[in-house]
Participant: 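Below is one structure. I have some questions about it.
Counting from 1, the numbers follow the sequence of the chain as shown.
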Amino acid sequence: MFRVRLPLYGSPKAEGPLGPLPLRRKALGILYYLALEGPTRRERLAELLWGHRAALQNLRAELTHLRAFLGKEAFRGPVLSLPPGVELDPTPVGGDPLEGLEDLSPSFADWVQVWRARWGKAEETLPFPERLKGVRPPALVVLIGPPGSGREGVARALSERLSLPFRQGRPQGPGVYYFGGPLPGKELAFGLHPAPGQVLVVARSRFGEDPAFLLALRARFPAEITFVEAVPRLSWPEARDGPLRHRPFSEAARFFLRSGGRVEVLRELLGMGSPEALPQRVRAAVALEARYLPLAVRRALEVLSLHPGPWPVELAEALGLKEEVNELEHRGWLAFQGGGYRLTEPQFRPYLAAGFGAGQRAHLHRRLAQAFAGLGDPVAEAYHRHQGGEAVDVGLLGARLRGWRRAVARPEGRPPSVPRVRVGLGRRRILEGLEEVHLVSLGGEEVGVELGLPEPTLLRLRGQVHQELPLGLGASLEAFPLRLRGAEREVSFLPGAAPGHYFWGTVLPEEGMDHLLLLPEGLYFLELRTPGLASLRLEAYAPQEGSAEALAPLGVPVLF
């Protein structure tokens, strides 16, 4: 059987060794559907493409047409599959995915749009590791990533860069040979060696230990032609300029945070039309990865995934999960940072917790609430009591809090106004690469930039912010919203907050972010530690006499 290629991007066609096959358009639609969806019952295809009483008869006619080109044994039985040798080629070559197949039928058009949203434009959404640009055959490339990270897409992009065919299976002749999961046994690796014109690409899971196949390969390939790279996440600017370019900021931010910047997870979410969806493919892939863990360790991971952010070491001890947490760190599911633990792939948190029934979930949240109460964290305790179905008196809780949290929990009348001063914008100052700042906290880890002001400065801060603050307080005492912190005091930006001074800090609204702040000289930190995303522009000016109105939120006199 000769090979037939179905290019995903651009005009649909079935290309054989001598060029495109003269297939009818609905026959092409059948091939593309089977290539993307897998084995499908005849009734489903007939309904999708025709949707009337004679649909099955029309489908039989198209299958007879296809057999004339692909063999008389193709497309037999009640469940249809692609014949051997027919392969989808997702290499980005311009144009939209499935371009021109929208007019086969209204139902088929809906299916095309779902897949188009899922794939997007790969050249705009697939980050390529810089070091791999130096790969030349022969070479061994190890791509480390979790489900949905796009390891195969990186391998295909590498084949495009090297102008080598993308292939799978035992290497024979020049090409980029991709080995995805499940990996073959070590016996195959013993028969492989560096060969001219060949690049072997092995997809290694983000979790667990190196499989025997990979260990055997690494023993046979010299270090100087072995490349081990973690598949990068999409950056927020890449996603905003690519698959999220037509979405409103807040919606785009929610899609990005729920995908963790993993390109294939983002495609699945976009295809389902909701950032809160749990796509079956991603859920199954995460469950499969977790199945490699011992049962007790997997259960511990699922329980800990109920907390939306990092947690202190003492939590594992309070829950009796110290040994399980050590094993999860060893296997790459958890990372230790700043005295606590966090999920290395926080976008998988809802998938890991999806298996709990409502009663079991409520019980586990209450167990977590008790553990956090013992650790002296009233915010995390309140969050889990609320998730467990208990009523939380936020106002009463405010008596145990301070700063912006107390202001949120116990608003007492109209807040005092922030001092305003009249100034003028003098000469523009250079901020050394900080004019555009993107802060992304996927799982509540702390992110931020340092801003040094050698003299009094007018700082204009504008942009857009999306942040998740359960109960308006965050998920723990360690969580905080976007803030600008100086040596003594800080400014917090809260959803819908009225501006005002609260104890040692100042609160400003995050909506319509465009604030002109008069700041004394010193070192400042613009930072975020709750799941969220801030896309900001910073401008600095020397203050001078004038009539512009600026805020002086730190309350320190500035002379100029």
Participant: Take atom CD of E209 as the centre, draw a 6.0 Å sphere, and report whether it contains more than 12 heavy atoms from other residues, nucleotides or ligands.
Facilitator: no

Participant: For R247 and F255, indicate whether the former's side chain and the latter's backbone hold a donor-acceptor pair under 3.5 Å.
Facilitator: no

Participant: Okay, side chain of R262, backbone of L266: is any donor-acceptor separation there less than 3.5 Å?
Facilitator: no

Participant: Has E276 got more than 12 heavy atoms of other residues, nucleotides or ligands less than 6.0 Å from its CD?
Facilitator: yes

Participant: With a 4.5 Å heavy-atom cut-off, do D103 and R25 have their side chains touching?
Facilitator: yes

Participant: Would you say the side chains of H466 and Q464 form a donor-acceptor pair under 3.5 Å?
Facilitator: no

Participant: Checking R220 side chain against L192 main chain: does a donor-acceptor pair fall under 3.5 Å?
Facilitator: yes

Participant: Taking the six-membered ring for Trp and the single ring otherwise, decide whether the centroids of F213 and F179 are under 6.0 Å apart.
Facilitator: yes

Participant: So I30 and L49, do their side chains get closer than 4.5 Å, heavy atoms only?
Facilitator: yes

Participant: Decide yes or no for L352 and V286: does some side-chain heavy atom of the first lie under 4.5 Å from some side-chain heavy atom of the second?
Facilitator: yes

Participant: Could you check whether any side-chain heavy atom of E264 comes within less than 4.5 Å of a side-chain heavy atom of S149, counting everything from C-beta outward?
Facilitator: no

Participant: Indicate yes or no: at least one non-hydrogen side-chain atom of P12 is less than 4.5 angstrom from one of Y32.
Facilitator: yes

Participant: May I ask you to check whether E289 and S205 show a side-chain donor-acceptor distance below 3.5 Å?
Facilitator: yes

Participant: Should the heavy atoms of other residues, nucleotides or ligands under 6.0 Å from CZ of R218 be counted, would the total exceed 12?
Facilitator: no

Participant: Heavy atoms only: give me the nearest A216-A189 pair and the separation to one decimal.
Facilitator: CB-CB, 3.6 Å

Participant: Strictly distance-based, threshold 3.5 Å: is any side-chain N or O of R291 a donor or acceptor partner for the main-chain N or O of R298?
Facilitator: no

Participant: Answer yes or no: is there a side-chain heavy-atom contact under 4.5 Å between L269 and V265?
Facilitator: yes

Participant: Go through V142 and L217 one step at a time and tell me if the side-chain contact (heavy atoms from CB on, under 4.5 Å) criterion holds.
Facilitator: CA-CA 10 Å; V142 182; L217 269 185; over 6 Å; no

Participant: Checking R156 against F166: charged group under 6.0 Å from the ring centre and within 45 degrees of the axis?
Facilitator: yes

Participant: Going from CZ on R254 to CG on L533, what distance comes out if it is rounded to the nearest 0.5 angstrom?
Facilitator: 13.0 Å

Participant: Assess whether a salt bridge exists between R537 and E436, defined as any Lys/Arg side-chain N lying under 4.0 Å from an Asp/Glu carboxylate O.
Facilitator: yes

Participant: Under the salt bridge (charged side-chain N to carboxylate O under 4.0 Å, His left out) rule, what do E87 and R3 come out as? Steps first, then yes or no, please.
Facilitator: CA-CA 8 Å; E87 297 178 351; R3 301 179 72 86; 2.5 Å; yes

Participant: Should the ring pair F108 and W111 be called parallel, tilted or perpendicular, given that the plane angle runs from 0 to 90° and is split at 30 and 60?
Facilitator: tilted

Participant: Is it true that R24 and E62 make a salt bridge, defined as a side-chain N closer than 4.0 Å to a carboxylate O?
Facilitator: yes

Participant: Do you know which two heavy atoms are closest between L293 and L328, and how far apart they sit?
Facilitator: CD1-CD2, 3.8 Å

Participant: Quick one: side chains of residues 72-84, donor-acceptor pairs under 3.5 Å with protein atoms, not counting sequence neighbours, listed by atom name and distance.
Facilitator:
from: R76; atom 1: NE; to: K72; atom 2: O; distance (Å): 3.0
from: R76; atom 1: NH2; to: K72; atom 2: O; distance (Å): 2.7

Participant: Would you check if there is a donor-acceptor pair between the side chains of T40 and E37 at a distance under 3.5 Å?
Facilitator: no

Participant: If you look at every heavy atom in F207 and R204, which pair is closest and at what distance?
Facilitator: O-NH1, 3.6 Å

Participant: Under a 4.0 Å N-O cut-off, is there an ion pair linking R131 with E229?
Facilitator: yes

Participant: Would you give the length of the straight line joining atom CG of L158 to atom CZ of F227, rounded to the nearest 0.5 angstrom?
Facilitator: 9.5 Å

Participant: Please check if the side chain of R151 supplies one atom and the backbone of V231 the other of a donor-acceptor pair under 3.5 Å.
Facilitator: no

Participant: Quick one: does L31's side chain get under 4.5 Å of L66's, heavy atoms only?
Facilitator: yes

Participant: Look at the side chain of E345 and the backbone N and O of W333, then say whether any donor-acceptor pair between them is shorter than 3.5 Å.
Facilitator: no

Participant: Under 3.5 Å, is there a donor-acceptor pair between the side chain of E445 and the main chain of L442?
Facilitator: yes

Participant: Could you tell me the separation between the OG atom of S250 and the CD atom of Q467, rounded to the nearest 0.5 Å?
Facilitator: 11.0 Å

Participant: Is any side-chain heavy atom of L315 less than 4.5 Å from a side-chain heavy atom of V325?
Facilitator: no

Participant: If you look at every heavy atom in L528 and L439, which pair is closest and at what distance?
Facilitator: CD2-O, 4.2 Å

Participant: Considering all heavy atoms of both residues, which atom of V176 and which atom of V201 are nearest to each other, and what is their separation?
Facilitator: CG1-CG2, 3.7 Å

Participant: Does the separation of the ring centres of F336 and W311 fall below 6.0 angstrom?
Facilitator: no

Participant: Under the side-chain contact (heavy atoms from CB on, under 4.5 Å) criterion, do V141 and L200 qualify, and how do the steps go?
Facilitator: CA-CA 6 Å; V141 176; L200 306 189; over 6 Å; no

Participant: Are any of the side-chain nitrogens in K322 or E329 under 4.0 Å away from the carboxylate oxygens of its partner?
Facilitator: no

Participant: Could you walk me through whether L368 and L319 pass side-chain contact (heavy atoms from CB on, under 4.5 Å), step by step?
Facilitator: CA-CA 8 Å; L368 285 164; L319 295 172; 3.7 Å; yes

Participant: With side chain to side chain donor-acceptor pair (under 3.5 Å) as the test, would you mind laying out the steps for R44 and Y33 before giving the verdict?
Facilitator: CA-CA 11 Å; R44 167 61 180 158; Y33 188 90; 3.2 Å; yes

Participant: How long is the gap from CZ on R361 to CD on E302, to the nearest 0.5 Å?
Facilitator: 10.5 Å

Participant: Mind running side-chain contact (heavy atoms from CB on, under 4.5 Å) on V228 and L140 for me, showing each step along the way?
Facilitator: CA-CA 8 Å; V228 181; L140 170 64; over 6 Å; no

Participant: Might you point out which heavy atoms bring P138 and I225 nearest each other, and give the distance in Å?
Facilitator: O-CB, 3.6 Å

Participant: Does the side chain of R283 pick up a donor-acceptor pair with the side chain of Y351 at under 3.5 Å?
Facilitator: no

Participant: Please round to the nearest 0.5 Å and tell me the distance separating atom CZ of R170 and atom CD of Q172.
Facilitator: 7.5 Å

Participant: Testing the 3.5 Å rule here: is there a donor-acceptor pair between the side chains of Q347 and R258?
Facilitator: no

Participant: Name all pairs fulfilling the salt bridge (Lys or Arg N to Asp or Glu O under 4.0 Å) condition that reach into residues 4-14, sequence neighbours left out, sorted by first residue then second.
Facilitator: R5-E15, R5-D89, K13-E15

Participant: Please evaluate residues W236 and F249 with respect to the criterion ring pair (Phe, Tyr, Trp, His ring centres under 6.0 Å), reporting the C-alpha separation (whole Å), side-chain torsions for both, the decisive distance (0.1 Å), and the verdict.
Facilitator: CA-CA 11 Å; W236 167 247; F249 174 83; 5.8 Å; yes

Participant: How many angstroms lie between CG in L101 and NZ in K26, if you round to the nearest 0.5 Å?
Facilitator: 11.5 Å

Participant: Give a yes or no answer on whether the side chain of T530 reaches the backbone of E468 with a donor-acceptor pair at less than 3.5 Å.
Facilitator: yes

